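Written below as C-alpha cells is the structure these notes are about.
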Amino acid sequence: MGEIRKEVQQENQELRTLRHTASHVLAQAVKKLFPAAKLAIGPAIDTGFYYDFDVDAPFTSQDLQEIEKEMQRIIKRNAKLERFVLPREEAIALMREKNEPYKVELIEDLPEGEELSFYKMEDFVDLCAGPHMPSAGKVKAVKLLQAAGAYWRGSEKNKMLQRIYGTAFDSREALEAYVTQLEEAKRRDHNKLGRELELFTTSDLIGQGLPILLPKGARVVQLLQRFVEDEEEQRGYLLTKSPLMAKSDLFKVSGHWDHYYEGMFVLGDKEMDARGEEVLALRPMTCPFQFQAYLNRTRSYRDLPLRYNETSTLFRNESSGEMHGLIRVRQFTISEGHLACRPDQVEAEFRGCVELAQFMLDTLGLREDASYRFSKWDPNNREKYIGDAEVWESTQVFMQEILDSMGIDYTAEDGEAAFYGPKLDIQMRNVHGKEDTLITIQIDFQLAERFGMTYTDSDGQKKHPVILHRTSIGCYERTLALLIEKYAGAFPTWLAPTQVKVLTITERCDDWAREVETLLRASGIRVELDLRNEKIGFKIREAQMEKVPYMLVVGDKEVEDRTVAARSRKDGDLGVQEPQDVLTRLLAEIRTRVR
RNA sequence: GCUGAUGUAGCUCAGGCGGUAGAGCACCUCCUUGGUAAGGAGGAGGUCAUGGGUUCGAGUCCCAUCAUCAGCUCCA
C-alpha cells in the first residue's frame, strides 16, 4: 500500500511540475503578446495552474484564445528551460532592468543573503524556485480556462491583477477526460439541478442570497430537520425557540456589536443607538439567545451538562459577490446548539458533539467527503478576538489534545477561529472542488462570564460554565445543496421528496390510480400522481425515474387483477404485484435509513 | 465589496448596419392510441431584468440600478 501511495505522490508531483512549467509558458506567451504586462506569481494548483499579470485592460476570451495559440507554438518549439542563480542584489537589479516591480517586491521580502534561482526559456526570464520540466515540449496538453481578477498578495487593499487560469496534462486524453469531468460537475451543480428539479428558486424582487424553497426542497429540509431534532432529543438535548431579533444591548454583551456589526442586518443605525433610541438587529447567531434560557433560573452543578438545541434561522449581511445558490445565503436555518458544562465534562461533551456530527454525516452518506479543520486564532491580529492570550492558548491546547486522542485527521489553520474561541470545522467540498464549512464545534471559555452565566458547584462556589457551540448537520440550505450534488438529485428513499410516482397508461385507469395513491399516502409514503396517460414504455419511464426511487404503472390488465406494475430505481423491474406487496417493500426500503 | 461576463416565452436559445419579436421542447384543448421520449389539428404564453437617456423610432446604442455566473476577498 505504501508503495502505491508513494507512486501516486510521485505522479502528482510530476503533474505539478508540468503545470508549473505550463504557467511559465503562459507568462512567456503573455509577455510576447502584451509586452507591457507585469508579472506577479504563477503557481501550480490542484486542478492546473494560474498566473497573475498587471495589465491595463482585462483579458478577453479572444485574448485567451490567442495566448493559448502562442503557448502551443512555444510548446511545439520545445523551448528549453535553463536554471541559473544570482545573488540577491544582482537578482533585484535584473528584475528592475526587466521592469518587473512585483518580482522586485517578492525578492525584497526574501531573507538576506539567499541565492535566488531563475529560469530562462528562450528570451523569457522568470524568478522561480522551480522545479521545472527540462523543456516546454513536456507539456503535452494545455488549455486556458478563464480569466478573472485577483488581488495582489490576496489582499483587497492591494491592486487587483488579472489572473489567467489554465490546466495541463501529459496527454491529450487526460486533458479531455478532465474537460468531461468539468462538464459532469456542471450537470450536478446544485444551483442548476436544484432549480431544474424544482427544489428551490430565487426572485429578483425578493433579492440576493434569499432563495425560496419550493415544495420539494422544503420537504427535504423538513425531513432533515425532523431527523435532526428527533436524534438530538434522544441524545439529551432540550429544544428552545428564541426570537429572530434582539435589541442592540444583547449584541453589545455578546461582542457582536463590536466584532460583527458589518455582518448584521441592523434595523436602525449606530447614531440612533447612540441617542438611546431602541435599535433592533436580526440575529446572526443563536448563542446569546440560548444563554438567556440558561439564565432563566439559578443552576446547580447537578444541572450540567445542559444541552440546548434549536432549529434556528439566522441572518447575515454577506457582501454582494459572496452569494451563491444555496451554499452562501443571507438567511439560513441551522441546527444550532449550546452546551453548558463543568470543566470536567467538556471533553466528554466535545466528543459527543463530534460523534453526533459524524453520525449525521454517515446517515446522509457525506462522511467520506468531509475533512477536519482545527481553526485557531491569530495572535498577531488581537483586535479580531476577545479575551486574554493565556485563555486562548490553553483552550487551543485543550482542544488539540481531545482531537488527537480521538484520532481525528485534521489540518490546523491560524486565523480561522470564532472571535470567542477555537473551532473544529468539518469541511465539505462541493462538486467543483470548492470547500465550505458544514459543521462546526467550538469551545468557549469567554462568553459565559460576559453574560453572567453561573452554576453553584458542589463546594458552594459560583462558577462559570464552559460553553460548547456546535451544529449537528450545519445549515440546512447548504446541506441540501451538498446532497443534491452528492446524489445528482436522486435522493435516498428516506429523503426523496417523491418516493413513488404513480403513472397511468389510459384514463380508464385514473380512478384505480387514485386509489393506489390514497393507499400509499395513508401509509406515509410520499406519492406523486401523474395522470398524463402517456403511451410510453418502461425504458422511457426510466429517464424520468432517474430521480424517483419507485414507479408504479397502473393499467387495464392490472386493474382486472387489482395489481400494479412496479419498478425500482435500484433493482429494476419488480414485475406485476399486489399494491399491498409493493407497499410492504417500500416501507422496508424507507426504513433502511441509519438510526 | 472588487474584476469580468451575462440577463429575449416555464426551459434551451435565434434575433448582421436601430423600424415596435421568433424556433425547439414544455404547457392547454380536441382527435387518434392502453406502452418503448407516438401521430394529427388547434391554442395560450413575452411592457425583450428595471429605470432613465439619445433618436421621428431601441430587444438592438449610452448611463444607472437590480439579478445571475466565474474568480478574488470575506464567511456557516
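Just so you know, these numbers use all the heavy atoms, side chains as well, and skip hydrogens, waters and symmetry mates. To find a chain, count down the sequence lines: A is the first, B the second, and so on, and within it residues start at 1. Fair warning: this is a prediction, and the values are worked out from it, not measured in the lab.
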Write down the distance separating the [atom1] atoms in [N] and [M], rounded off to the nearest Å.
N	M	atom1	answer
B:rU54	B:rU68	C1'	28 Å
B:rG7	B:rG46	C1'	14 Å
B:rA21	B:rA5	P	29 Å
B:rC56	B:rC11	C1'	38 Å
B:rU47	B:rG59	P	13 Å
B:rG43	B:rU6	C1'	33 Å
B:rU20	B:rG15	C1'	14 Å
B:rG22	B:rA14	C1'	7 Å

**Request:** Using a 4.0 Å heavy-atom cut-off, write out nucleotides 67-74 of chain B from 5' to 3' as B (base contacted by protein), S (sugar-phosphate only) or - (no contact).
**Result:** SSSSBBBB
**Asked** So does A:Lys252 have more than 12 non-hydrogen atoms from other groups sitting under 6.0 Å from NZ?
**Response** yes
Below 4.0 angstrom, N of the basic side chain to O of the carboxylate: do [X] and [Y] qualify?
X	Y	result
A:Arg330	A:Glu318	no
A:Glu416	A:Lys376	no
A:Arg235	A:Glu231	yes
A:Glu368	A:Lys486	yes

[X] has an atom [atom1]; how far is it from atom [atom2] of [N], in whole Å?
X	N	atom1	atom2	answer
A:Gln62	B:rA5	CD	P	11 Å
A:Asp510	B:rG34	CG	P	16 Å
A:Asp52	B:rU3	CG	P	16 Å
A:Asp56	B:rG4	CG	C1'	16 Å
A:Tyr50	B:rG4	OH	P	20 Å

**Fill in**
Symbol by symbol from the 5' end, with Watson-Crick or G-U pairs under 3.5 Å, [ ] crossing and | another strand, RNA chain B is (((((((..((((.....[..)))).(((((.......))))).....(((((..]....))))))))))))....
**Prompt:** Which pairs pass side chain to side chain donor-acceptor pair (under 3.5 Å) with one or both residues in residues 196-214 of chain A, sequence neighbours excluded?
**Reply:** A:Lys192-A:Glu196, A:Arg195-A:Thr202
When we call it a touch if two heavy atoms are under 4.0 Å apart, what does [X] touch: a base, just sugar-phosphate, or nothing?
X	result
A:Lys423	sugar-phosphate
A:Glu196	nothing
A:Leu205	nothing

**Asked** Is A:Leu39 close to A:Lys31 at the side-chain level, that is, under 4.5 Å between some pair of heavy atoms?
**Response** yes
**Asked** What orientation do A:Phe59 and A:Phe34 show, parallel under 30°, tilted 30 to 60°, or perpendicular over 60°?
**Response** perpendicular
**Message:** Can you see whether A:Ser375 engages A:Glu413 through a side-chain donor-acceptor pair at a distance of less than 3.5 angstrom?
**Reply:** no
**Item:** Heavy-atom pair with the smallest gap, counting every atom of A:Leu552 and A:Val500
**Value:** CG-CG1, 3.8 Å
